[in-house]
2 protein chains.
Amino acid sequence: MKDARKIKDLLYEQVARIGKVFSSPKRLELIELLCQGEKTVETLAREASISVKLTSSHLRELRMAQLVETERQGKNILYRLANKSVADLWVQVHTLAEERLVDLQLALQKIATQPDDLVANDRESLLKAARKGEVVVLDVRPSEEYLNAHLPFARSIPLEELRQRLAELPKDRSIVAYCRGPYCLMAVDAVTLLKQEGYTAIHLREGVAEWALASSTT
Amino acid sequence: MKDARKIKDLLYEQVARIGKVFSSPKRLELIELLCQGEKTVETLAREASISVKLTSSHLRELRMAQLVETERQGKNILYRLANKSVADLWVQVHTLAEERLVDLQLALQKIATQPDDLVANDRESLLKAARKGEVVVLDVRPSEEYLNAHLPFARSIPLEELRQRLAELPKDRSIVAYCRGPYCLMAVDAVTLLKQEGYTAIHLREGVAEWALASSTT
DNA sequence: TTTACATTCTAGTAATCACTGGAATGATTA
DNA sequence: TAATCATTCCAGTGATTACTAGAATGTAAA
């Protein structure tokens, strides 16, 4: 058979369809947003700072690669990831990127004002401390995202409300703030604010998707 | 800060560099070949059925994304994956593709003449049977690839030599043949040949990379 | 029906990409 | 030195991509 080549080309082409989805920065951002739960086109567009129309076309790419599903809800159309594997792959791709790309490492270092990130193997000890109430795990994402899924023992105070609700937080314990993941800056802002106000605050780079993948493989 | 957008764009752009590598069919094929061990440009070009020059430029992309390393060995330059994570990501990408893309599922079904694939959860039982010698695990890849890494208890008979070396195989036990992975057709050919010659032969879709990832996560 | 949400079509721009061919350059071995 | 392996530069083709804009279409709630 000399058509072995044709068959192979066809197979790799199909796999490349998935790869293509992960080759556009904006599409990656949309995937990360969808990792936080289902969202409307408008929300996605706003959060990713692009037009509704462009969002729509990126979502179309995602739909054609079978990576997202849609559901009509009244006037809105909700988009969600088709599968946990999609969120997992996003985490694995950005993890490999962080592992290999020096430029990305440098950019991430600039974001963290202090070297106060908790790293992956601290997950167990964080969990233990949170269970005992020794630290407060703080979810600063919008509350819908918290309601969809959150880290164990986490409390929700969206970044927008944080300044008004500071009184809810204790000053005698460490506050571990997290948001959507390493590329979301909300937790960074939260930590900055908390430190200004005299709290002990730590930034956790992991989001729900990162936590879920790490938990399922250990 | 209104430059939060700029920072985010920069971060996602970096991750997309990795995604871009996985968006070209030929690059995927090169990655799969490199999963079998280090290879020269010439070998890669021949195996992927493309020109040396084009191979060289694809490898350049891979190098710029820090996913491969090179080493000079005499006249040749050897390429190898920078990291086990790269092989793992390849497996995860093609696994997700097989999970989500109906076209790919159909194409793969056509390849397997019989529905005689061993599936993932049979790994343990295959291992047990191989250990006891109840089945023969047969590696039909070129012997350099076998020497670089192979499945536990596997024996090496490259596809090219199989017809001449049939006598080495027993007729009273099942022969489980594998090659580079689900997109490599060598094991399919081997099984076809073995069945013609009266052997009991089964096709294992997993290659070394797939096996390694599955073993490390369970 | 009007309004809001969402997609689709067309059309266009600017950029990038995969691939080919020719010619030049290096590095290494014999 | 010549031969081999590999990369690079140039130039060019054809295709695809990301994005924007305007207009039309569809779907569902008020």
Side-chain angles (χ1 to χ4, degrees), chain A residues 5-6 8-10 12-31 33-34 38-65 67-80 144, chain B residues 5-6 8-10 12-31 33-34 38-65 67-80 144:
Chain A
R5 200 60 324 269
K6 278 188 200 161
K8 278 194 184 183
D9 286 348
L10 206 147
Y12 289 109
E13 208 177 287
Q14 290 296 316
V15 182
R17 283 175 62 190
I18 302 292
K20 283 203 185 85
V21 169
F22 287 81
S23 69
S24 149
K26 283 299 173 194
R27 232 143 36 214
L28 292 177
E29 191 164 357
L30 292 175
I31 290 171
L33 287 165
L34 289 170
E38 50 187 15
K39 293 186 181 294
T40 64
V41 180
E42 254 199 330
T43 312
L44 289 166
R46 184 168 15 86
E47 298 269 12
S49 316
I50 50 177
S51 73
V52 169
K53 213 149 38 175
L54 183 54
T55 309
S56 201
S57 91
H58 278 309
L59 290 169
R60 195 164 161 270
E61 301 287 318
L62 283 161
R63 225 185 323 150
M64 289 197 309
L67 300 187
V68 300
E69 288 172 354
T70 59
E71 188 194 325
R72 178 130 230 157
Q73 198 134 94
K75 272 190 262 189
N76 300 309
I77 295 181
L78 291 176
Y79 278 81
R80 77 173 76 92
E144 312 88 67
Chain B
R5 202 55 329 266
K6 278 187 200 162
K8 278 193 185 184
D9 285 349
L10 205 146
Y12 289 109
E13 208 177 287
Q14 290 296 316
V15 182
R17 284 176 60 191
I18 302 292
K20 283 203 186 84
V21 168
F22 288 81
S23 70
S24 149
K26 283 299 172 193
R27 234 146 31 217
L28 293 177
E29 190 164 357
L30 292 175
I31 290 171
L33 287 166
L34 289 170
E38 50 186 15
K39 292 185 181 295
T40 64
V41 180
E42 253 200 331
T43 312
L44 289 165
R46 185 170 12 89
E47 298 270 13
S49 317
I50 51 177
S51 73
V52 169
K53 212 148 41 174
L54 183 55
T55 309
S56 201
S57 92
H58 277 309
L59 289 170
R60 194 164 161 269
E61 302 286 318
L62 282 162
R63 225 184 325 151
M64 289 198 309
L67 299 188
V68 300
E69 287 172 356
T70 59
E71 187 194 325
R72 179 129 230 157
Q73 199 135 91
K75 273 191 260 187
N76 300 309
I77 295 180
L78 291 177
Y79 279 81
R80 76 172 77 91
E144 312 88 69

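Note on naming: letters A, B, ... go to the chains in the order of the sequence lines (proteins, then strands), and numbering restarts at 1 for each one. The analysis underlying the following values was restricted to heavy atoms, covering all of them including side chains, and did not include hydrogens, waters or symmetry mates.
A close approach under 4.0 Å does occur between a side-chain nitrogen or oxygen of R27(A) and OP1 or OP2 of dA18(D). Under 4.0 angstrom from either OP1 or OP2 of dA6(D) there lies no side-chain N or O belonging to S56(B). Proximity of N76(A) to the phosphate of dA6(C): a side-chain N or O atom is located under 4.0 Å from OP1 or OP2. Side-chain N/O atoms of R60(A) include one lying less than 4.0 angstrom from OP1 or OP2 on dT8(C). OP1 or OP2 of dC19(D) has at least one side-chain nitrogen or oxygen of H58(A) nearer than 4.0 Å.
Out of dA27(C), dA28(D), dT7(D), the shortest distance to the side chain of R72(A) is found at dA28(D). In this structure, the nucleotide among dA4(C), dT29(C), dC19(D) sitting nearest to the side chain of K75(A) is dA4(C).
Among the protein residues, S24(A) comes within range of the sugar-phosphate backbone only, with heavy atoms under 4.0 Å from sugar or phosphate atoms but none that close to a base. Nucleic acid contact for T40(B): sugar-phosphate only, since backbone atoms but no base atoms lie under 4.0 Å from a heavy atom of the residue.
Going from atom CG of L44(B) over to atom P of dT7(D) covers 10 Å, rounded to whole Å. Distance CG (L78(B)) to C1' (dA27(C)): 15 Å, rounded to an integer number of Å. To the nearest angstrom, P of dT29(C) lies 12 Å from CD1 of I77(B). Taking atom NZ of K20(A) as the reference point, atom P of dA18(C) lies 9 Å away to the nearest angstrom. Counting to the nearest Å, the C1' atom of dA6(D) and the NZ atom of K39(B) are 18 Å from each other. What separates CG of L59(A) from P of dA18(D) is a distance of 13 Å, to the nearest Å. Per the geometry, CZ belonging to R17(A) stands 17 Å off C1' belonging to dT17(D), to the nearest Å. One interatomic measurement links the two molecules: CG of L54(A) to C1' of dA11(C), which rounds to 16 Å at whole-angstrom precision.
Side chain of R17(B) to main chain of M64(B): a donor-acceptor pair is present (N/O by atom type, distance under 3.5 Å, no hydrogens or angles). With T43(B) contributing its side chain and K39(B) its backbone, the two residues share no donor-acceptor pair below 3.5 Å. Under a 3.5 Å cut-off, the side chain of S56(B) and the backbone N or O of K53(B) do not form any donor-acceptor pair.
With DNA chain D read from its 5' end, the first of the two nearest nucleotides for G74(A) and K53(A) is the one closest to K53(A).
Here the CG atom belonging to L59(A) is positioned 9.5 Å from the OG1 atom belonging to T70(A), to the nearest 0.5 angstrom.
Side-chain contact between V41(B) and N76(B) is absent, with no heavy atoms from C-beta onward closer than 4.5 Å.
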